[in-house]
Amino acid sequence: NKIEVDKMEAEKAVRKPRQKRSIETKEKIVSAAYQLFCEKGYYNTTTNEIAQVANVSIGSLYSYFKDKDTIFLEILERYNDSFFKVHNELSCEMEQYANNLRAWFRRLMEGLIRVHQISKELNREMELLCSTMPQVAAIQKRQREKTWQATLQCFYANKEFINVKDIEAAAIVVFNLVSSVVDQIVFCQNEIDNERILQAGVDAVYKFLIDKE
């Protein structure tokens, strides 16, 4: 039908930047959109505002992104990749911390907390959009699966240090426990010091995975 044809034509018109100037223009658009989504929220931001803050024409914006949704989804992909990068890099270091796995669990949680704190406003917006934008929910689901698989691979690679029988189930439990501790520290007004919450999280993960007593 005509709608599908128009959609296909619009997608064909979107540029994939290869030259330095084009890449810089696209990055300016993404940066401006990120700023506005955090400050005003997704629904209160228009493509005209994004173009204005990026100092590009609206036509230029549409040559890189077919609509506001695609800009947000690209930002979300990058945001989620930053979490996976932290997790993946630290997973590779687990063996180095064989004699002090508490320190490794702390490094993992601290790394995830840092990434969350940089993008607190975007994270809140993202959680709201999960219920109204299936693409956002799909990216979130895919990223959680990706991170869980990384946790699982890390545990299998270092299973001589881990004192659990069901590694797959343990990876799910630890993933959710770490996520809960990180969210509590970043997004909640806590009545006790965040350091105490972090330490309790580290102790809980260590006792579950490592402690043989």
Side-chain angles (χ1 to χ4, degrees), residues 31 34-35 37-41 75-130 136 139-213:
S31 178
Y34 174 84
Q35 175 188 333
F37 291 152
C38 289
E39 290 177 356
K40 303 182 61 176
I75 291 172
L76 180 56
E77 290 280 10
R78 296 185 188 190
Y79 173 73
N80 282 332
D81 282 346
S82 66
F83 284 98
F84 183 72
K85 183 179 179 182
V86 168
H87 197 284
N88 200 39
E89 287 176 351
L90 287 172
S91 294
C92 296
E93 295 179 5
M94 189 176 186
E95 189 174 354
Q96 300 173 24
Y97 284 80
N99 296 321
N100 192 2
L101 286 171
R102 285 182 190 273
W104 185 84
F105 294 137
R106 172 176 279 271
R107 274 174 54 80
L108 174 62
M109 291 191 198
E110 287 175 339
L112 295 174
I113 287 169
R114 280 195 300 273
V115 177
H116 264 303
Q117 286 176 331
I118 291 170
S119 304
K120 284 173 64 173
E121 295 82 3
L122 181 68
N123 190 281
R124 289 195 179 97
E125 198 66 18
M126 178 181 60
E127 292 301 321
L128 290 172
L129 291 171
C130 274
V136 173
I139 290 174
Q140 286 296 85
K141 181 179 179 181
R142 187 170 70 249
Q143 187 64 21
R144 287 180 65 85
E145 175 68 18
K146 187 178 178 182
T147 308
W148 173 72
Q149 287 293 339
T151 304
L152 182 61
Q153 290 170 14
C154 174
F155 287 1
Y156 273 125
N158 298 278
K159 59 184 178 181
E160 66 268 28
F161 310 127
I162 296 174
N163 188 40
V164 293
K165 293 181 180 179
D166 191 338
I167 291 181
E168 289 189 354
I172 293 174
V173 170
V174 170
F175 172 78
N176 283 295
L177 176 56
V178 170
S179 297
S180 178
V181 170
V182 170
D183 287 350
Q184 182 71 34
I185 290 173
V186 175
F187 298 109
C188 299
Q189 294 292 330
N190 298 305
E191 296 181 0
I192 65 173
D193 187 71
N194 286 337
E195 171 59 28
R196 290 171 60 190
I197 299 172
L198 175 59
Q199 188 57 53
V202 171
D203 290 344
V205 173
Y206 182 87
K207 188 167 185 62
F208 173 60
L209 288 176
I210 311 299
D211 199 343
K212 294 180 172 58
E213 295 182 0

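Under the 4.0 Å criterion applied to side-chain N and carboxylate O atoms, Asp81 and Lys146 are assigned as salt-bridge partners. Salt-bridge annotation for Lys40 and Glu121: absent, with no side-chain N of the basic residue lying under 4.0 Å from a carboxylate O of the acidic one. Using a 4.0 Å cut-off between a side-chain N of Lys or Arg and a carboxylate O of Asp or Glu, Glu191 and Arg196 do not qualify as a salt bridge.
The CG atom of Leu108 sits 10.0 Å away from atom CD of Glu110, with the distance rounded to the nearest 0.5 Å. The distance from the OH atom of Tyr206 to the CH2 atom of Trp104 is 13.5 Å, given to the nearest 0.5 Å. The distance from atom OG1 of Thr151 to atom CD of Gln153, rounded to the nearest 0.5 Å, is 9.5 Å. Note: Ile185 CD1 to Asn194 CG = 5.5 Å, rounded to the nearest 0.5 Å. The line from CD1 of Ile172 to CG of Leu177 is 13.5 Å long, rounded to the nearest 0.5 Å. Between atom NE2 of residue His116 and atom CG of residue Asp183 there is a gap of 5.0 Å, rounded to the nearest 0.5 Å.
In this structure a side-chain-to-backbone donor-acceptor pair under 3.5 Å is missing from Asn123 to Ser119. Remark: the backbone N or O of Gln184 is paired with a side-chain donor or acceptor of Asn190 at under 3.5 angstrom. Put simply, the side chain of Asn158 never gets that close to the backbone of Phe161: no donor and acceptor are under 3.5 Å apart. Of the possible donor and acceptor atoms, one in the side chain of Gln143 sits under 3.5 Å from a partner among the backbone N and O of Asn80.
Between Lys120 and Arg124, some side-chain heavy-atom pair lies under the 4.5 Å cut-off. Between Arg78 and Tyr34 the shortest side-chain heavy-atom distance does not fall below 4.5 Å. With contacts defined as side-chain heavy-atom distances shorter than 4.5 Å, the pair Phe105/Ile210 qualifies. Side-chain contact between Phe37 and Met126 is absent, with no heavy-atom pair separated by less than 4.5 Å. Using a 4.5 Å cut-off on side-chain heavy atoms (C-beta onward), Phe155 and Val174 make contact. Using a 4.5 Å cut-off on side-chain heavy atoms (C-beta onward), Arg102 and Val205 make no contact.
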side-chain hydrogen bond (donor to acceptor under 3.5 Å, both in side chains) assessment of Asn176 paired with Arg144: CA-CA 10 Å; Asn176 283 295; Arg144 287 180 65 85; 3.1 Å; yes
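Taking both residues in full, the closest heavy atoms of Gln140 and Cys130 are given as CG-SG, 3.6 Å, listed atom of the first, atom of the second, then distance. For the residue pair Glu168 and Leu152, the shortest heavy atom distance occurs at CA-CD1, 3.6 Å. Of all heavy-atom pairs spanning Ile167 and Lys159, the tightest one is CD1-CB, 3.8 Å. Here the closest non-hydrogen pair linking Val115 and Ser82 is CG1-OG, 3.2 Å.
Considering Asn163, Leu101, Val164 in turn, Val164 is the only one that fulfils the side chain to side chain contact (heavy atoms under 4.5 Å, CB included) rule with Leu209.
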